[in-house]
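Below, chain A is the first sequence line, B the second, and so on; all start at residue 1.
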2 protein chains.
Amino acid sequence: MTPKLEDVAKRANVSKTTVSRVLNNRGYLSQKTIDKVYAAMKELNYHPNAVARQLYKNQTNLIGILLPTVANPFFGELTDTLERLLYQQGFKVLIGNSMNDPKKETAYLNQLLSKQVDGLIVGTHNQGIKQYDYQDLPVVAIDRIMNEDIPIIASDNYHGGVLATTHLIDRGAEKIIHTNGPLTLETPSQRRRVAYEETMMAHNLTPLTYTVDFNISSEAKKVVFQKLLEEHPDVDGIFAANDTDAALIMQVAAEFGRHIPDDLLLVGYDGTKLIRDLIPSLTTIIQPIEAISTTAINVLKQRLAHEDTEKEYILPVELWPGTTG
Amino acid sequence: MTPKLEDVAKRANVSKTTVSRVLNNRGYLSQKTIDKVYAAMKELNYHPNAVARQLYKNQTNLIGILLPTVANPFFGELTDTLERLLYQQGFKVLIGNSMNDPKKETAYLNQLLSKQVDGLIVGTHNQGIKQYDYQDLPVVAIDRIMNEDIPIIASDNYHGGVLATTHLIDRGAEKIIHTNGPLTLETPSQRRRVAYEETMMAHNLTPLTYTVDFNISSEAKKVVFQKLLEEHPDVDGIFAANDTDAALIMQVAAEFGRHIPDDLLLVGYDGTKLIRDLIPSLTTIIQPIEAISTTAINVLKQRLAHEDTEKEYILPVELWPGTTG
DNA sequence: TTGTAAGCGTTATCAA
DNA sequence: TTGATAACGCTTACAA
C-alpha cells in the first residue's frame, strides 16, 4: 500500500495534524519536528493523496476543456495555450473532445458536473444543449452561444469577415464565394457570414454563401469544393471558413487548372502559428488565441470567485497578408 | 450547497445506503423505493460527488497524458486518438504539455503521483528524469526510453529510416542529409539516424546527420536549414526529422532557388492526417497513430491489472509516396 | 508548539 | 428489502 499521512506520523512520532502542518507549512512548528517529518516522508517515499484533499476542500484545481478535437490546429493551439496559462495558475486540465457529437458532449457535461472539475471551458459547436442545467459549475464559452448565463469569449468575427471580404474586393475579385457552417448553428462565427454579405452588398456585389458541414471528412469536403468550382466557373475569390478548408480548396483549384492568386483569390480563417509555418503564402485572418485564452481564464476565475462578468468579450483579429488573396 | 446523498435520502425517506444502492443498482430494491429515490434526485437535481467516490474506491478513472505539446500535429492527433479510445473504456484524460521543459515535466509527474490519475502515458523528450521513482503508478512510454521497468510503445523507427533513405537513393539522390535531434536524447527515434547511416553506407554513400534542436522556434529552424543549404550546395536529398521541419525546408529551398523534386528530393516523417491533407505532395513516413494508441492503452490496462507486459512494442510504419521525394 | 476528534460525500459490511 | 456504521486519507477547529 502507498503510505498515508498516518504512516508518516507514526514513523516520526508525531500526530497526523503535525504532519499535515508540515506538508502545508501552516502554524508554528519547531525546526526539529519539521526535519523529523520530512525525514519520515522521504524514508517512506510519501506523496499526499490529492483526492482526499480535494474531498475535504471541495475543490479539485481541475478545469475541463470541451472542444471538438485537439487534432485541428486551431483547437490544438487553443488547448495548448489554455493548458500553459492554467498550469501557471495552479490548475490542471481535463480534456474532452466531443467531435461535435452531441451525445458525447452531453455525457461529458454530465460527468464533469459531478464536482470533477472546478470550472469548464466549452467550445464545441452543438445545438440543443443550450437548456443544460449547469447548477453551480462555472462555465465560459469560447466562440459558442450556450445560454444567457454563460459568458462568451470570441474574436471579432464580424470584423474578420469585413477584413477578408474587403481584402478580396480590393484585390479585384467580384464574384466572391464564402464557405461557412450550417446556419442552424448559432455560433458567433456566423457573424462572419453576415459581415461578408453586408460588405458584398455595400460594394454592389452579390453574396453567395456555400454551406459546408464542419464534421465531414476532408475527402468529402474536397467533393463539395469541386462542386463549388463546377457550379461557379466564374468565381474569382473565395473566403473560406478556415485555413484547412482553404488548403483543400488550393488543391482542388489546382486540379481544375485554376491558378492562385492569378485567376482565383483565396482567404482562409484562423491563422494559427502552425498554418503560418506550413503554408505562409495563405492569406488569412488571425484569431488571437493567446488573448482568447487569457480572457477565458480570467472570466472563469471571476466566475469561480462569484464575481459578476460581462456577457460577451470580443477580441481583435488581424490580417495575415500572404500571397493567395 | 449542492445536494448530497444524504439530502436525497431525507427527501425520499430512506437511508443513505438505499440511495447509494439505487445509484449503483446493486442489491435488492423494491420498484417503489427506486421510483421514490429517483424522484427525489430529480427534484433536488442531484449529481453524485465524483471525488468522494474516487476516495473510497481509490481510483479516479483518469489517465494522465504527458506530451511536449498538443499544438504539434503528431502529438495533437495522438492525444485526440488516445482520448477517444480511453473515453470508450470509461477513462477521462488529464493532459500535461511539458514543452520538453524538464522542470514542468517533473512537476507534473510529482503531482500526478498523488493518486490523481490511475495511470500515465508519457511521450516527452527529456533526459535525466529516468531515475524517477514511479512508485506504483502504472506508466507506459510512447517513443521514449524511461527506465527498465517502463514498457515502450514505438513505431518501427529503424524501418522508417530504411524506407525513407532507400526511397531517396532509389530516386537517384546520392548526397543525402538527414536531420535529427541531439544524440544526447536516447529516444527510439535515434534509430532512424542509425537506419539512415547504415543504409547509406550499404550503398557506399556518405551519411551526414544534421542536428536540429526540437524545441527551437520555426524561425530559428529556418536559419539552421539555410545554413545547411549554404554549407552543402550539392545536397540532392534530405530526410527530415518530421513533416513540419520538411515544410520549412521546402520554403527555404524555394528561397535558394532549389526546385523540389527536380534538383532536391525531400522526405518527411510522421505523416499525420493533417499534413497529408494540407500538403499531400510531401513524401513522408506514416506513423501508425491509431495502433500506437491502442497498444499504449492495452499495455497500460495490463499494468493497471498487475499483469506482466513486454518491454517494447514496435508498430509498423508506411511510406506515403507524395511527389517531393 | 503539538494533539484529539470531527468532518468532507461516498460505498460496503453486517445486521435486522 | 432496508438501515446503522465504519471506512477511504486528508484538513482544521478546538483543546492542551
Side-chain angles (χ1 to χ4, degrees), chain A residues 1-38 40-41 44-62 111-118 135-137, chain B residues 1-38 40-41 44-62 111-118 135-137:
Chain A
M1 270 312 288
T2 15
K4 47 188 181 181
L5 195 133
E6 197 177 346
D7 302 319
V8 177
K10 274 188 192 139
R11 182 80 161 210
N13 280 314
V14 294
S15 71
K16 296 195 320 184
T17 312
T18 301
V19 178
S20 176
R21 282 202 185 100
V22 173
L23 222 44
N24 306 286
N25 39 218
R26 221 188 297 291
Y28 303 92
L29 276 330
S30 75
Q31 190 57 45
K32 210 179 117 192
T33 307
I34 295 177
D35 296 341
K36 227 174 22 179
V37 170
Y38 271 122
M41 296 200 300
L44 297 172
N45 192 10
Y46 169 76
H47 288 266
N49 182 312
V51 173
R53 238 177 213 174
Q54 289 170 6
L55 177 59
Y56 186 89
K57 298 234 166 152
N58 192 25
Q59 172 182 322
T60 60
N61 293 316
L62 248 41
Q111 293 173 35
L112 296 181
L113 227 43
S114 314
K115 297 273 177 194
Q116 271 258 36
V117 293
D118 294 343
Q135 303 224 100
D136 301 312
L137 182 66
Chain B
M1 269 313 288
T2 13
K4 48 187 178 184
L5 196 134
E6 195 177 346
D7 301 321
V8 177
K10 276 189 190 139
R11 182 78 162 213
N13 279 315
V14 294
S15 71
K16 294 194 321 182
T17 312
T18 300
V19 178
S20 175
R21 282 204 185 97
V22 173
L23 221 43
N24 306 287
N25 40 214
R26 221 187 296 292
Y28 304 92
L29 277 330
S30 75
Q31 190 57 48
K32 209 178 118 193
T33 308
I34 295 176
D35 296 343
K36 225 173 25 176
V37 170
Y38 272 122
M41 295 200 300
L44 297 173
N45 192 12
Y46 169 76
H47 289 266
N49 181 312
V51 173
R53 245 178 205 173
Q54 290 171 4
L55 177 60
Y56 188 90
K57 299 233 167 154
N58 192 24
Q59 171 183 324
T60 59
N61 293 315
L62 248 41
Q111 293 173 35
L112 296 181
L113 228 42
S114 316
K115 298 272 176 193
Q116 270 258 33
V117 294
D118 293 344
Q135 305 227 98
D136 301 311
L137 182 66

Q: Sequence neighbours left out, what passes side chain to side chain donor-acceptor pair (under 3.5 Å) with B/Arg11? Give chain and number order.
A: B/Glu43

Q: State, to 0.1 Å, how close A/Leu112 and A/Val117 come at their nearest heavy-atom pair, and which atoms those are.
A: O-CG2, 3.7 Å

Q | Protein-nucleotide distance (A/Tyr28, atom OH; C/dT2, atom P), rounded to Å | A | 13 Å

Q: Check whether any side-chain nitrogen or oxygen of B/Tyr46 sits under 4.0 Å from OP1 or OP2 of C/dT10, and answer yes or no.
A: yes

(Q) In whole Å, I'd like the distance from the CG atom of B/Asp7 to the P atom of C/dT10. (A) 9 Å

Q | Distance-minimising heavy-atom pair for A/Leu62 and A/Gln116 | A | CD2-O, 3.6 Å

Q. Would you say a side-chain N or O of A/Thr18 is under 4.0 Å from OP1 or OP2 of C/dT1?
A. no

Q) What string of B, S and - do you get for nucleotides 11-16 of chain C, 5' to 3', when a contact is any protein heavy atom under 4.0 Å? A) BBBB--

Q: Give the first and the last nucleotide of DNA chain D, reading 5' to 3', that has any atom under 4.0 Å from a heavy atom of chain B.
A: D/dT1 to D/dG9

(Q) Looking at every heavy atom in both B/Asp118 and B/Thr60, which two are closest together, and how far apart are they? (A) OD1-N, 2.8 Å

Q) Roughly how far apart are B/Lys16 NZ and B/Arg21 CZ, rounded to 0.5 Å? A) 13.0 Å

Q.
Using whole Å, what does the distance between atom P of nucleotide C/dT1 and atom NZ of A/Lys36 come to?
A. 14 Å

Could you pull out all donor-acceptor pairs under 3.5 Å where a side-chain atom in residues 29-37 of chain A meets a protein atom, sequence neighbours excluded?
residue, atom, partner, partner atom, Å
A/Ser30, OG, A/Thr33, N, 3.1
A/Ser30, OG, A/Thr33, OG1, 2.7
A/Gln31, NE2, A/Asp35, OD1, 2.9

(Q) Base, sugar-phosphate or nothing for B/Asn58? Non-hydrogen atoms, less than 4.0 Å. (A) nothing

Q: Please give the angle, rounded to 10 degrees, between the axes at the start and the end of the helix from C/dT1-D/dA16 to C/dA16-D/dT1, where five pairs define each axis.
A: 40°

Q: Indicate the atoms forming the closest heavy-atom contact of A/Val51 with B/Lys115, along with that distance.
A: CG2-O, 3.5 Å

**Q.** Counterpart residues, side chain to side chain donor-acceptor pair (under 3.5 Å), relative to B/Ser15 (two or more places apart)
**A.** B/Thr18

Q) Counting any heavy atom closer than 4.0 Å, what does A/Val51 reach on the DNA or RNA strands: base, sugar-phosphate only, or nothing? A) nothing

Q) Which heavy-atom pair separates B/Ala9 from B/Val19 by the least distance, and what is that distance? A) CA-CG2, 3.6 Å

Q) Which atom pair, heavy atoms only, marks the closest approach of B/Pro48 to A/Ser114? A) O-CB, 3.0 Å

Q | Nearest-0.5 Å distance, CG of residue B/Leu55 to CG of residue B/Asn49 | A | 10.0 Å

(Q) Within the 4.0 Å heavy-atom criterion, would you say B/Leu29 contacts the bases, only the backbone, or no part of the nucleic acid? (A) sugar-phosphate

